[in-house]
Amino acid sequence: MIALSMHPLAEVEPSMIIEMHGLPHVVGLLNTPTVDEVVRRSKHESSRDFVAFGSDGHPVGLLLMDRIHPWLYELSRIISVRQGEGIGSSMMRWALRHIFDENGAHRAFLEVHESNRTARRLYDSFGFLQEGTYRDGFQNPTDGGFENLCPYGLLDADYRAWIERRGPLV
């Protein structure tokens, strides 16, 4: 696991967030926000959004979460600047501690493209369960085509069982 420093979205320049959406492995999977959308989101009451910085002080990831209810969180976006280095896993560990340990939530959920095998493996590895398929649930901003989305969920009990099997999320 790599060491990350998590900073609130409001502390970074919106252009940094927009650049992350332009990474080759991200384009076509997420709609790229405008500067106004980034600024508006950073001020929204339900948003729990963070930029991850590596030990060298450079941004390495983006984690967007929404507190729907005190007991319910949505993981809206997880973007790793570089794949295969453990950045996504480190952000997920941080997010789950934040959601379940610090805030006492009962459930976390997310949606992911059916074709995004890398992200789905990450979610599976943390105990998330696929709860169905939203047929043509996303319109690709690049080519206009439709793609299936897979909803995933994790209950506090699932999280606690995962911790017992794998050890604490330090």
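Side chains included, hydrogens not; waters and symmetry mates left out as well; all remaining heavy atoms used.
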Residues D124, R120: salt bridge by 4.0 Å N-O rule: no

Identify the two heavy atoms, one from [X] and one from [Y], that lie closest to each other, and give their separation to 0.1 Å.
X    : Y    : answer
C150 : T133 : SG-OG1, 4.4 Å
H25  : S80  : NE2-O, 2.7 Å
G22  : V27  : O-CG2, 3.5 Å
V26  : H21  : CG1-O, 3.7 Å
L154 : G127 : CD1-O, 3.3 Å

CD1 on I17 to OG1 on T32, rounded to 0.5 Å: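 Interatomic distance, T32 OG1 to I17 CD1, rounded to 0.5 Å: 12.0 Å.
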
From F100 atom CZ to Y159 atom OH, the distance as rounded to the nearest 0.5 Å: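 The CZ atom of F100 sits 7.5 Å away from the OH atom of Y159.
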
Are [Y] and [X] connected into the same hydrophobic cluster when the rule is that any two of I, L, V, M, F, W, Y join if their side-chain heavy atoms are below 4.5 Å apart?
X    : Y    : result
L149 : V112 : no
L9   : M16  : yes
I78  : V60  : yes
M92  : I2   : yes
V39  : M20  : yes

Donor-acceptor pairs under 3.5 Å, side chain of residues 102-111 to any protein atom, not counting sequence neighbours: which ones?
residue	atom	partner	partner atom	Å
E102	OE1	H98	ND1	3.3
N103	ND2	H98	O	2.6
N103	ND2	H98	NE2	3.4
R107	NH1	E131	OE2	3.1
R107	NH2	E131	OE1	2.8

F146 side chain near R135 side chain, heavy-atom distance below 4.5 Å: no

Exceeds 12 heavy-atom contacts within 6.0 angstrom, atom CD of E13: no

Side chain W162, main chain S125, donor-acceptor under 3.5 Å: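 Such a contact is found between W162 side chain and S125 backbone.
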
With S115 via side chain to side chain contact (heavy atoms under 4.5 Å, CB included) - residues at least two apart: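 S115 satisfies side chain to side chain contact (heavy atoms under 4.5 Å, CB included) with H113, E147 only.
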
Step-by-step side-chain hydrogen bond (donor to acceptor under 3.5 Å, both in side chains) determination, S76 to D66: CA-CA 7 Å; S76 306; D66 291 289; 2.5 Å; yes

